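From a predicted model like this one, the values you see are computed outputs, not experimental measurements. Quick note: residue numbers are just sequence positions, from 1.
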Amino acid sequence: MSQTTTEVTKVSGLKPWVIAFAVIFPSIAFILNQIYQGLGTWWVWPALIPLPLIWMLIGLYILSRISKKLNIGAPAMALIFTVMYMTAGSMWAFEGLHYWTSVPLPTWNQGGPLEALYSDPYRSVAWSLEPTILAPHDAAAVNAFYLGSMEIDWGAWMPSITYWIAWSIVCFCGAYFWSYMIRKPLVEVEKLPFTGVAPSAYMLKYYYEEEDGKSRLFNLRGLLTRMFWVGFVFGMILGLPNAISALLPTPLPYYIHQVPINWLGFTSGVLPGSTFSGNLYVPEVFGAQFAPLDMLASAVLYWIVFSVIYNTLIVRAGIVPYTPGWDGSQYQSDYGPFKYAQFSWIGLSLGLSTWVVLHYRVHIGNIFRAAFGNKSVPQEEEGIPYRIVVLGALGCSVAWIALYLVGGAAAPLAIIFPFFYIFFMFGWTRMMGEVQEFMPSPQTYSGMMFDVGTGLRLWGGRPDPASWNTMLLWNANGSGQRMSSLAMHHHFK
(Lines give C-alpha, C1' and ligand atoms only; values in the text may rest on other atoms or scores of the structure.)
Protein backbone atom coordinates (compact mmCIF):
# COMPACT_ATOMS: atom_id res chain seq x y z
CA MET A 1 0.00 0.00 0.00
CA SER A 2 1.59 3.28 -1.05
CA GLN A 3 1.40 6.54 0.83
CA THR A 4 1.30 9.94 -0.77
CA THR A 5 3.03 12.83 0.88
CA THR A 6 1.66 16.30 0.38
CA GLU A 7 4.50 18.76 0.08
CA VAL A 8 3.77 22.22 1.40
CA THR A 9 5.22 24.96 -0.76
CA LYS A 10 6.31 27.97 1.24
CA VAL A 11 5.76 31.29 -0.47
CA SER A 12 7.96 34.16 0.62
CA GLY A 13 6.43 37.56 1.25
CA LEU A 14 9.85 39.23 1.38
CA LYS A 15 9.34 41.54 -1.58
CA PRO A 16 11.48 44.66 -2.20
CA TRP A 17 8.58 46.94 -1.35
CA VAL A 18 7.99 45.06 1.93
CA ILE A 19 11.65 45.55 2.87
CA ALA A 20 11.35 49.26 2.06
CA PHE A 21 8.19 49.44 4.17
CA ALA A 22 9.96 47.77 7.11
CA VAL A 23 12.77 50.33 6.92
CA ILE A 24 10.68 53.47 6.44
CA PHE A 25 7.45 52.86 8.37
CA PRO A 26 8.81 52.71 11.97
CA SER A 27 10.62 56.04 11.57
CA ILE A 28 7.55 57.77 10.16
CA ALA A 29 5.37 56.30 12.91
CA PHE A 30 7.87 57.35 15.57
CA ILE A 31 7.94 60.98 14.43
CA LEU A 32 4.20 61.39 13.79
CA ASN A 33 3.17 59.60 16.99
CA GLN A 34 5.67 61.60 19.03
CA ILE A 35 4.05 64.81 17.81
CA TYR A 36 0.58 63.41 18.34
CA GLN A 37 1.34 62.40 21.91
CA GLY A 38 2.50 65.91 22.68
CA LEU A 39 -0.98 67.28 21.88
CA GLY A 40 -2.88 65.57 24.69
CA THR A 41 -2.51 63.10 27.49
CA TRP A 42 1.00 61.83 26.76
CA TRP A 43 0.98 58.95 29.25
CA VAL A 44 -1.90 57.29 27.40
CA TRP A 45 0.55 56.96 24.48
CA PRO A 46 -2.01 57.68 21.74
CA ALA A 47 -0.86 57.11 18.18
CA LEU A 48 -1.93 57.95 14.65
CA ILE A 49 -0.34 54.97 12.94
CA PRO A 50 -0.61 52.14 12.45
CA LEU A 51 -4.39 52.07 12.40
CA PRO A 52 -6.10 49.16 14.15
CA LEU A 53 -5.79 46.05 12.00
CA ILE A 54 -9.52 45.77 11.33
CA TRP A 55 -9.59 49.22 9.70
CA MET A 56 -6.66 48.28 7.49
CA LEU A 57 -8.41 45.09 6.43
CA ILE A 58 -11.55 47.07 5.60
CA GLY A 59 -9.51 49.44 3.43
CA LEU A 60 -7.63 46.57 1.82
CA TYR A 61 -10.89 44.79 1.04
CA ILE A 62 -12.32 47.90 -0.61
CA LEU A 63 -9.19 48.26 -2.74
CA SER A 64 -9.29 44.58 -3.68
CA ARG A 65 -12.86 44.98 -4.89
CA ILE A 66 -11.69 47.77 -7.18
CA SER A 67 -8.80 45.68 -8.49
CA LYS A 68 -7.36 42.41 -7.25
CA LYS A 69 -3.91 43.76 -8.06
CA LEU A 70 -4.34 46.16 -5.13
CA ASN A 71 -4.74 43.32 -2.65
CA ILE A 72 -1.78 42.15 -0.55
CA GLY A 73 -0.97 38.45 -0.42
CA ALA A 74 -1.01 36.62 2.90
CA PRO A 75 2.80 36.10 3.15
CA ALA A 76 3.51 39.79 2.56
CA MET A 77 0.72 40.80 4.94
CA ALA A 78 2.22 38.62 7.66
CA LEU A 79 5.49 40.55 7.40
CA ILE A 80 3.73 43.92 7.26
CA PHE A 81 1.68 42.99 10.32
CA THR A 82 4.88 42.08 12.17
CA VAL A 83 6.47 45.45 11.38
CA MET A 84 3.38 47.34 12.50
CA TYR A 85 3.05 45.21 15.63
CA MET A 86 6.65 45.89 16.63
CA THR A 87 6.04 49.60 16.07
CA ALA A 88 2.63 49.90 17.70
CA GLY A 89 3.01 47.85 20.89
CA SER A 90 1.59 44.66 22.33
CA MET A 91 -1.90 46.03 22.98
CA TRP A 92 -2.30 46.84 19.29
CA ALA A 93 -2.47 43.16 18.30
CA PHE A 94 -4.91 42.41 21.09
CA GLU A 95 -7.37 45.27 20.78
CA GLY A 96 -5.97 47.90 18.42
CA LEU A 97 -4.74 50.33 21.08
CA HIS A 98 -1.32 52.01 21.21
CA TYR A 99 -0.73 52.11 24.94
CA TRP A 100 2.94 51.18 24.47
CA THR A 101 4.45 52.08 21.12
CA SER A 102 8.10 52.33 20.17
CA VAL A 103 7.87 56.04 21.05
CA PRO A 104 8.43 55.62 24.82
CA LEU A 105 11.58 53.56 24.15
CA PRO A 106 13.95 56.46 25.03
CA THR A 107 12.28 56.81 28.43
CA TRP A 108 13.36 53.28 29.39
CA ASN A 109 17.09 53.64 28.89
CA GLN A 110 18.50 57.10 28.28
CA GLY A 111 15.59 58.62 30.19
CA GLY A 112 16.98 57.55 33.58
CA PRO A 113 20.47 59.05 33.28
CA LEU A 114 19.05 62.16 31.63
CA GLU A 115 16.37 62.75 34.26
CA ALA A 116 18.97 62.34 37.00
CA LEU A 117 21.10 65.11 35.49
CA TYR A 118 18.14 67.50 35.56
CA SER A 119 16.15 66.68 38.68
CA ASP A 120 16.80 67.01 42.38
CA PRO A 121 17.78 65.26 44.61
CA TYR A 122 19.86 63.25 42.12
CA ARG A 123 21.70 65.96 40.24
CA SER A 124 24.81 66.19 42.41
CA VAL A 125 25.33 62.42 42.34
CA ALA A 126 24.55 62.07 38.65
CA TRP A 127 26.89 64.83 37.48
CA SER A 128 29.77 63.41 39.50
CA LEU A 129 29.27 59.68 38.77
CA GLU A 130 27.60 59.21 35.39
CA PRO A 131 29.85 58.83 32.34
CA THR A 132 29.08 61.18 29.47
CA ILE A 133 28.24 58.22 27.24
CA LEU A 134 24.97 57.67 29.17
CA ALA A 135 23.66 61.24 28.83
CA PRO A 136 25.12 64.56 27.67
CA HIS A 137 27.16 66.30 30.38
CA ASP A 138 26.23 69.67 29.00
CA ALA A 139 23.91 71.76 31.15
CA ALA A 140 22.66 73.76 28.15
CA ALA A 141 21.76 70.59 26.23
CA VAL A 142 19.99 69.04 29.22
CA ASN A 143 18.03 72.23 29.97
CA ALA A 144 17.11 72.61 26.30
CA PHE A 145 15.69 69.09 26.32
CA TYR A 146 13.36 69.82 29.24
CA LEU A 147 12.62 73.51 28.68
CA GLY A 148 12.60 73.56 24.89
CA SER A 149 14.93 75.04 22.32
CA MET A 150 15.01 75.76 18.61
CA GLU A 151 18.50 74.30 18.31
CA ILE A 152 19.94 70.85 19.02
CA ASP A 153 23.57 70.48 20.02
CA TRP A 154 24.24 67.23 18.18
CA GLY A 155 27.83 67.18 19.38
CA ALA A 156 26.65 66.90 22.98
CA TRP A 157 23.99 64.31 22.18
CA MET A 158 25.63 61.92 19.71
CA PRO A 159 27.77 59.89 22.17
CA SER A 160 24.77 58.91 24.30
CA ILE A 161 22.47 58.49 21.27
CA THR A 162 25.00 56.11 19.70
CA TYR A 163 25.42 54.20 22.95
CA TRP A 164 21.70 53.65 23.53
CA ILE A 165 21.05 52.69 19.91
CA ALA A 166 23.72 50.00 20.23
CA TRP A 167 22.35 48.98 23.64
CA SER A 168 18.82 48.56 22.26
CA ILE A 169 20.00 46.60 19.22
CA VAL A 170 21.94 44.01 21.21
CA CYS A 171 19.22 43.80 23.88
CA PHE A 172 16.33 43.10 21.52
CA CYS A 173 18.20 41.23 18.78
CA GLY A 174 19.82 39.05 21.40
CA ALA A 175 16.39 38.26 22.79
CA TYR A 176 15.27 37.13 19.31
CA PHE A 177 18.06 34.57 19.15
CA TRP A 178 17.58 33.34 22.72
CA SER A 179 13.81 33.09 22.37
CA TYR A 180 14.14 30.89 19.29
CA MET A 181 15.56 28.19 21.58
CA ILE A 182 12.14 27.77 23.21
CA ARG A 183 10.01 28.28 20.12
CA LYS A 184 9.51 24.61 19.35
CA PRO A 185 8.63 23.55 22.94
CA LEU A 186 6.08 26.34 23.42
CA VAL A 187 4.57 26.46 19.93
CA GLU A 188 4.78 22.89 18.64
CA VAL A 189 4.84 20.82 21.84
CA GLU A 190 2.67 22.75 24.30
CA LYS A 191 0.73 24.47 21.50
CA LEU A 192 0.15 27.56 23.64
CA PRO A 193 -2.52 29.92 22.27
CA PHE A 194 -0.65 33.23 22.88
CA THR A 195 -3.86 35.01 23.76
CA GLY A 196 -2.51 38.51 23.17
CA VAL A 197 -2.14 38.04 19.44
CA ALA A 198 -5.07 35.66 18.85
CA PRO A 199 -7.65 38.33 17.83
CA SER A 200 -5.39 39.65 15.07
CA ALA A 201 -4.41 36.16 13.99
CA TYR A 202 -8.05 35.15 13.57
CA MET A 203 -8.92 38.33 11.67
CA LEU A 204 -6.09 37.71 9.23
CA LYS A 205 -7.04 34.07 8.92
CA TYR A 206 -10.66 34.85 8.09
CA TYR A 207 -9.68 37.68 5.75
CA TYR A 208 -7.64 35.34 3.57
CA GLU A 209 -10.09 32.42 3.75
CA GLU A 210 -12.65 32.44 0.96
CA GLU A 211 -16.31 31.51 1.36
CA ASP A 212 -18.73 31.71 -1.56
CA GLY A 213 -16.01 33.46 -3.57
CA LYS A 214 -15.61 36.24 -1.01
CA SER A 215 -13.33 36.90 1.92
CA ARG A 216 -14.85 35.06 4.87
CA LEU A 217 -14.38 38.14 7.03
CA PHE A 218 -16.70 40.13 4.75
CA ASN A 219 -19.16 37.41 3.77
CA LEU A 220 -22.23 38.58 5.70
CA ARG A 221 -24.14 35.44 4.79
CA GLY A 222 -22.32 33.56 7.52
CA LEU A 223 -23.67 33.73 11.07
CA LEU A 224 -20.17 33.90 12.53
CA THR A 225 -19.31 36.86 10.33
CA ARG A 226 -22.48 38.73 11.28
CA MET A 227 -21.75 38.12 14.97
CA PHE A 228 -18.21 39.45 14.47
CA TRP A 229 -19.41 42.71 12.95
CA VAL A 230 -22.01 43.22 15.67
CA GLY A 231 -19.19 42.85 18.17
CA PHE A 232 -17.04 45.23 16.17
CA VAL A 233 -19.66 47.98 16.31
CA PHE A 234 -20.14 47.37 20.04
CA GLY A 235 -16.40 47.52 20.64
CA MET A 236 -16.01 50.66 18.55
CA ILE A 237 -18.62 52.40 20.69
CA LEU A 238 -16.82 51.34 23.86
CA GLY A 239 -13.47 52.50 22.51
CA LEU A 240 -14.59 55.90 21.25
CA PRO A 241 -14.31 57.66 24.65
CA ASN A 242 -10.79 56.29 24.97
CA ALA A 243 -9.83 57.80 21.63
CA ILE A 244 -11.38 61.15 22.58
CA SER A 245 -9.77 61.07 26.02
CA ALA A 246 -6.31 60.62 24.53
CA LEU A 247 -6.61 64.05 22.88
CA LEU A 248 -7.76 65.91 25.99
CA PRO A 249 -5.33 67.77 28.28
CA THR A 250 -7.06 66.03 31.18
CA PRO A 251 -8.33 62.49 30.60
CA LEU A 252 -11.89 61.42 31.23
CA PRO A 253 -12.65 60.17 34.77
CA TYR A 254 -12.40 56.62 33.47
CA TYR A 255 -12.50 54.90 30.17
CA ILE A 256 -15.88 53.40 29.38
CA HIS A 257 -14.27 50.12 28.36
CA GLN A 258 -12.98 49.87 31.95
CA VAL A 259 -16.17 49.67 33.99
CA PRO A 260 -15.53 50.48 37.68
CA ILE A 261 -16.97 48.03 40.18
CA ASN A 262 -17.10 48.66 43.93
CA TRP A 263 -18.94 46.25 46.21
CA LEU A 264 -17.06 47.24 49.36
CA GLY A 265 -20.19 48.80 50.82
CA PHE A 266 -21.75 45.33 50.88
CA THR A 267 -18.71 43.21 51.74
CA SER A 268 -16.60 45.25 54.18
CA GLY A 269 -18.78 44.46 57.19
CA VAL A 270 -18.54 40.70 56.73
CA LEU A 271 -15.20 40.44 54.91
CA PRO A 272 -13.13 43.46 56.01
CA GLY A 273 -9.98 43.92 53.96
CA SER A 274 -11.14 41.73 51.10
CA THR A 275 -10.84 42.97 47.53
CA PHE A 276 -14.25 43.47 45.98
CA SER A 277 -13.51 46.55 43.90
CA GLY A 278 -11.71 47.21 40.64
CA ASN A 279 -12.37 47.62 36.95
CA LEU A 280 -14.17 45.25 34.63
CA TYR A 281 -11.93 45.48 31.60
CA VAL A 282 -14.34 44.71 28.78
CA PRO A 283 -11.80 43.77 26.04
CA GLU A 284 -10.18 41.28 28.41
CA VAL A 285 -13.54 39.58 28.93
CA PHE A 286 -13.84 38.86 25.22
CA GLY A 287 -10.14 38.08 24.90
CA ALA A 288 -10.42 35.49 27.66
CA GLN A 289 -12.18 33.15 25.24
CA PHE A 290 -8.75 32.40 23.75
CA ALA A 291 -7.17 31.62 27.13
CA PRO A 292 -6.96 28.10 28.61
CA LEU A 293 -9.72 27.35 31.10
CA ASP A 294 -7.31 26.05 33.76
CA MET A 295 -5.41 29.35 33.68
CA LEU A 296 -8.62 31.35 34.14
CA ALA A 297 -9.74 29.07 36.97
CA SER A 298 -6.33 29.42 38.65
CA ALA A 299 -6.59 33.22 38.51
CA VAL A 300 -10.03 33.18 40.15
CA LEU A 301 -8.86 30.72 42.81
CA TYR A 302 -5.79 32.87 43.52
CA TRP A 303 -8.03 35.91 44.07
CA ILE A 304 -10.33 33.99 46.42
CA VAL A 305 -7.48 32.54 48.51
CA PHE A 306 -5.40 35.68 48.90
CA SER A 307 -7.50 38.77 48.11
CA VAL A 308 -10.56 37.49 49.99
CA ILE A 309 -9.75 34.77 52.56
CA TYR A 310 -6.19 35.78 53.49
CA ASN A 311 -6.97 39.53 53.65
CA THR A 312 -10.01 38.94 55.84
CA LEU A 313 -8.14 36.64 58.23
CA ILE A 314 -5.21 39.00 58.86
CA VAL A 315 -7.59 41.96 59.37
CA ARG A 316 -9.89 40.09 61.79
CA ALA A 317 -6.86 38.72 63.66
CA GLY A 318 -5.57 42.27 64.17
CA ILE A 319 -2.28 41.48 62.45
CA VAL A 320 -2.53 44.44 60.07
CA PRO A 321 -4.06 47.92 60.28
CA TYR A 322 -7.41 48.43 58.65
CA THR A 323 -9.45 51.48 57.77
CA PRO A 324 -13.02 51.08 56.48
CA GLY A 325 -13.00 51.64 52.74
CA TRP A 326 -9.64 50.00 52.13
CA ASP A 327 -9.90 47.77 49.08
CA GLY A 328 -7.40 45.15 50.20
CA SER A 329 -4.63 46.18 47.80
CA GLN A 330 -2.74 47.46 50.85
CA TYR A 331 -2.00 43.86 51.86
CA GLN A 332 -0.57 42.79 48.52
CA SER A 333 2.87 44.29 49.17
CA ASP A 334 2.67 46.88 51.98
CA TYR A 335 1.27 45.20 55.11
CA GLY A 336 1.03 41.72 56.46
CA PRO A 337 3.30 38.72 56.97
CA PHE A 338 2.96 37.48 53.38
CA LYS A 339 3.38 40.00 50.55
CA TYR A 340 1.58 37.94 47.95
CA ALA A 341 1.97 40.48 45.13
CA GLN A 342 5.74 40.30 45.54
CA PHE A 343 5.46 36.52 45.70
CA SER A 344 3.58 36.60 42.39
CA TRP A 345 5.81 39.07 40.60
CA ILE A 346 9.14 37.74 41.81
CA GLY A 347 8.61 34.23 43.16
CA LEU A 348 6.18 32.88 40.59
CA SER A 349 7.84 34.56 37.61
CA LEU A 350 11.31 33.28 38.49
CA GLY A 351 9.86 29.91 39.45
CA LEU A 352 8.30 29.66 36.01
CA SER A 353 11.62 30.67 34.44
CA THR A 354 13.32 27.87 36.36
CA TRP A 355 10.66 25.41 35.18
CA VAL A 356 11.17 26.40 31.53
CA VAL A 357 14.93 25.99 31.72
CA LEU A 358 14.77 22.65 33.55
CA HIS A 359 11.85 21.23 31.57
CA TYR A 360 13.39 22.04 28.20
CA ARG A 361 17.05 21.72 29.13
CA VAL A 362 17.55 18.76 26.76
CA HIS A 363 16.15 20.68 23.79
CA ILE A 364 18.17 23.82 24.63
CA GLY A 365 21.26 21.68 25.21
CA ASN A 366 20.83 19.98 21.83
CA ILE A 367 20.71 23.38 20.15
CA PHE A 368 24.10 24.23 21.65
CA ARG A 369 25.45 20.77 20.76
CA ALA A 370 24.37 21.25 17.15
CA ALA A 371 25.95 24.70 17.07
CA PHE A 372 29.30 23.33 18.18
CA GLY A 373 29.49 20.43 15.76
CA ASN A 374 27.50 17.51 17.19
CA LYS A 375 25.86 15.90 14.16
CA SER A 376 23.78 13.40 16.17
CA VAL A 377 21.16 16.02 17.05
CA PRO A 378 18.88 18.12 14.79
CA GLN A 379 20.81 20.91 13.08
CA GLU A 380 18.08 23.40 12.26
CA GLU A 381 14.51 24.44 12.87
CA GLU A 382 12.15 25.99 10.34
CA GLY A 383 15.12 26.28 7.99
CA ILE A 384 17.21 28.27 10.47
CA PRO A 385 20.52 26.59 11.46
CA TYR A 386 21.02 26.28 15.20
CA ARG A 387 24.59 27.48 14.74
CA ILE A 388 23.31 30.89 13.69
CA VAL A 389 20.89 30.97 16.65
CA VAL A 390 23.60 30.19 19.21
CA LEU A 391 26.26 32.43 17.72
CA GLY A 392 23.75 35.29 17.49
CA ALA A 393 22.62 34.79 21.09
CA LEU A 394 26.15 34.58 22.50
CA GLY A 395 27.45 37.38 20.29
CA CYS A 396 24.72 39.80 21.38
CA SER A 397 25.22 38.81 25.02
CA VAL A 398 28.97 39.50 24.86
CA ALA A 399 28.28 42.84 23.16
CA TRP A 400 25.73 43.69 25.85
CA ILE A 401 28.23 42.87 28.60
CA ALA A 402 30.75 45.17 26.89
CA LEU A 403 28.19 47.98 26.76
CA TYR A 404 27.39 47.54 30.44
CA LEU A 405 31.09 47.80 31.25
CA VAL A 406 31.55 50.88 29.04
CA GLY A 407 28.54 52.45 30.76
CA GLY A 408 30.16 52.04 34.18
CA ALA A 409 28.51 48.89 35.55
CA ALA A 410 30.50 46.81 38.03
CA ALA A 411 32.17 43.90 36.21
CA PRO A 412 30.50 40.94 38.00
CA LEU A 413 27.00 42.34 37.53
CA ALA A 414 27.73 43.43 33.97
CA ILE A 415 28.17 39.73 33.23
CA ILE A 416 25.16 38.64 35.31
CA PHE A 417 22.67 41.20 33.91
CA PRO A 418 22.24 39.89 30.32
CA PHE A 419 21.89 36.27 31.35
CA PHE A 420 19.53 37.01 34.23
CA TYR A 421 17.47 39.10 31.81
CA ILE A 422 17.20 36.18 29.38
CA PHE A 423 16.41 33.85 32.27
CA PHE A 424 13.39 35.75 33.55
CA MET A 425 12.27 36.51 30.01
CA PHE A 426 12.02 32.76 29.41
CA GLY A 427 9.46 32.62 32.22
CA TRP A 428 7.65 35.72 30.99
CA THR A 429 7.43 34.23 27.49
CA ARG A 430 5.95 31.00 28.81
CA MET A 431 3.47 33.06 30.81
CA MET A 432 2.58 35.11 27.75
CA GLY A 433 1.54 31.91 26.01
CA GLU A 434 -1.64 31.94 28.10
CA VAL A 435 -2.28 35.55 29.16
CA GLN A 436 -2.19 39.04 27.70
CA GLU A 437 -1.17 41.10 30.70
CA PHE A 438 0.75 40.67 33.93
CA MET A 439 2.59 42.99 36.27
CA PRO A 440 6.34 42.27 36.70
CA SER A 441 8.86 44.58 35.05
CA PRO A 442 12.67 44.51 35.03
CA GLN A 443 12.56 46.93 37.98
CA THR A 444 10.71 44.25 39.93
CA TYR A 445 14.06 42.53 40.37
CA SER A 446 16.08 45.69 41.14
CA GLY A 447 16.22 44.93 44.86
CA MET A 448 17.59 41.48 44.10
CA MET A 449 20.27 42.90 41.82
CA PHE A 450 21.28 45.48 44.43
CA ASP A 451 21.53 42.81 47.12
CA VAL A 452 23.68 40.66 44.83
CA GLY A 453 26.04 43.61 44.51
CA THR A 454 26.08 44.01 48.27
CA GLY A 455 26.80 40.30 48.68
CA LEU A 456 29.70 40.61 46.22
CA ARG A 457 31.04 43.55 48.30
CA LEU A 458 30.69 45.93 45.37
CA TRP A 459 28.92 48.42 47.65
CA GLY A 460 27.26 48.60 51.04
CA GLY A 461 23.64 48.55 52.15
CA ARG A 462 20.78 50.56 50.67
CA PRO A 463 21.21 53.23 49.50
CA ASP A 464 24.85 53.46 48.42
CA PRO A 465 25.98 55.89 45.68
CA ALA A 466 28.66 53.38 44.70
CA SER A 467 25.88 51.38 43.03
CA TRP A 468 24.67 54.34 40.96
CA ASN A 469 25.85 53.48 37.45
CA THR A 470 25.33 49.74 37.85
CA MET A 471 21.75 50.03 39.04
CA LEU A 472 21.04 52.85 36.59
CA LEU A 473 22.02 50.50 33.76
CA TRP A 474 19.97 47.64 35.16
CA ASN A 475 16.91 49.87 35.37
CA ALA A 476 17.57 50.98 31.79
CA ASN A 477 15.72 47.80 30.84
CA GLY A 478 12.71 49.85 31.77
CA SER A 479 9.17 49.12 32.87
CA GLY A 480 8.22 49.67 29.24
CA GLN A 481 9.51 46.17 28.51
CA ARG A 482 6.47 44.86 30.34
CA MET A 483 4.25 46.01 27.49
CA SER A 484 6.48 46.72 24.48
CA SER A 485 6.24 44.32 21.58
CA LEU A 486 10.00 44.75 21.14
CA ALA A 487 10.60 42.70 24.28
CA MET A 488 11.00 38.90 24.09
CA HIS A 489 7.70 37.81 25.63
CA HIS A 490 5.68 39.97 23.23
CA HIS A 491 7.73 39.64 20.05
CA PHE A 492 7.60 35.86 20.54
CA LYS A 493 3.94 35.96 19.54
**OP:** Determine, stepwise, if the pair F290 / F194 fulfils side chain to side chain contact (heavy atoms under 4.5 Å, CB included).
**Re:** CA-CA 8 Å; F290 302 109; F194 288 92; over 6 Å; no

Show the nearest heavy-atom pair for residues [X] and [Y], with the distance to one decimal.
| X | Y | result |
| --- | --- | --- |
| V23 | S27 | O-OG, 4.1 Å |
| W92 | L53 | CZ2-N, 4.0 Å |
| F492 | I182 | CZ-O, 3.8 Å |
| G407 | L134 | O-CD1, 3.6 Å |
| L60 | Y208 | CD2-OH, 4.2 Å |
| V357 | F426 | CG2-CD2, 3.9 Å |

Contact check, side chains of [X] and [Y], non-hydrogen atoms, under 4.5 Å:
| X | Y | value |
| --- | --- | --- |
| M203 | F228 | yes |
| T429 | L186 | yes |
| M181 | V390 | yes |
| S307 | S274 | no |
| T87 | F30 | no |
| I54 | F232 | yes |
| S446 | M471 | yes |
| L458 | P412 | yes |

Keeping the roles fixed (side chain from [X], backbone from [Y]), state whether a donor-acceptor pair exists under 3.5 Å.
| X | Y | value |
| --- | --- | --- |
| W178 | G392 | no |
| Y85 | H490 | yes |
| N374 | A370 | no |
| N477 | P442 | no |
| Q289 | G287 | no |
| Q379 | V377 | yes |
| S90 | S485 | no |
| N469 | L129 | yes |
| T470 | A409 | no |
| S200 | A93 | yes |

Is any NZ, NE, NH1 or NH2 atom of the basic residue among [X] and [Y] found under 4.0 Å from an Asp or Glu carboxylate oxygen of the other?
| X | Y | value |
| --- | --- | --- |
| K184 | E382 | no |
| D334 | K339 | no |
| E210 | R216 | no |
| R430 | E190 | yes |

From [X] [atom1] over to [Y] [atom2], what is the distance, rounded to the nearest 0.5 angstrom?
| X | Y | atom1 | atom2 | value |
| --- | --- | --- | --- | --- |
| I161 | M158 | CD1 | CE | 5.5 Å |
| Y207 | M77 | OH | CE | 8.0 Å |
| D327 | Q330 | CG | CD | 5.0 Å |
| E284 | T195 | CD | OG1 | 9.5 Å |
| C171 | F417 | SG | CZ | 13.0 Å |
| I309 | I314 | CD1 | CD1 | 12.5 Å |

Original post:
Can you list every pair that meets side chain to side chain donor-acceptor pair (under 3.5 Å) and has a residue in residues 290-304, with sequence neighbours left out?
Top reply: Y302-S344

**OP:** Could you walk me through whether F25 and I49 pass side chain to side chain contact (heavy atoms under 4.5 Å, CB included), step by step?
**Re:** CA-CA 9 Å; F25 178 79; I49 54 175; 4.1 Å; yes

Original post:
For the ring pair (Phe, Tyr, Trp, His ring centres under 6.0 Å) test, which of F419, F424, F423 pairs with Y421?
Top reply: F424

**OP:** Tell me, yes or no, whether the heavy-atom count around W55 atom CH2, taken from other residues, nucleotides or ligands under 6.0 Å, exceeds 12.
**Re:** no

Original post:
Around atom OH of Y335, are there more than 12 heavy atoms of other residues, nucleotides or ligands at under 6.0 Å?
Top reply: no

Hey, can you tell me if [X] and [Y] have their rings parallel, tilted or perpendicular (30° and 60° cut-offs)?
| X | Y | value |
| --- | --- | --- |
| Y340 | Y310 | perpendicular |
| W167 | W400 | perpendicular |
| F420 | W474 | tilted |

Original post:
Between Y445 and S349, is a side chain to side chain donor-acceptor pair (under 3.5 Å) present by the stated rule, with each step listed?
Top reply: CA-CA 10 Å; Y445 312 108; S349 65; 2.7 Å; yes

Original post:
Could you go step by step and tell me if F306 and F343 meet the ring pair (Phe, Tyr, Trp, His ring centres under 6.0 Å) rule?
Top reply: CA-CA 11 Å; F306 292 106; F343 169 73; 7.0 Å; no

**OP:** Run the numbers on L350 and M448 for side chain to side chain contact (heavy atoms under 4.5 Å, CB included), then give the verdict.
**Re:** CA-CA 12 Å; L350 296 184; M448 294 175 58; 3.7 Å; yes

**OP:** Check the pair S333 / Q342 against side chain to side chain donor-acceptor pair (under 3.5 Å), numbers first and verdict last.
**Re:** CA-CA 6 Å; S333 55; Q342 294 183 26; 4.9 Å; no

Subject >> Test ring pair (Phe, Tyr, Trp, His ring centres under 6.0 Å) applied to W345 - qualifying residues, sequence neighbours left out >> reply: none

Original post:
Looking at residues at least two apart in the chain, or sitting in another chain, which of them share a ring pair (Phe, Tyr, Trp, His ring centres under 6.0 Å) with H489?
Top reply: W428, F438

**OP:** Could you walk me through whether I80 and W17 pass the side chain to side chain contact (heavy atoms under 4.5 Å, CB included) test, one step at a time?
**Re:** CA-CA 10 Å; I80 292 172; W17 71 269; 3.2 Å; yes

Original post:
Would Y386 and Y180 count as a ring pair (Phe, Tyr, Trp, His ring centres under 6.0 Å) if you check the C-alpha gap in whole Å, the side-chain angles of each, and the deciding distance to 0.1 Å?
Top reply: CA-CA 9 Å; Y386 284 145; Y180 203 79; 7.3 Å; no

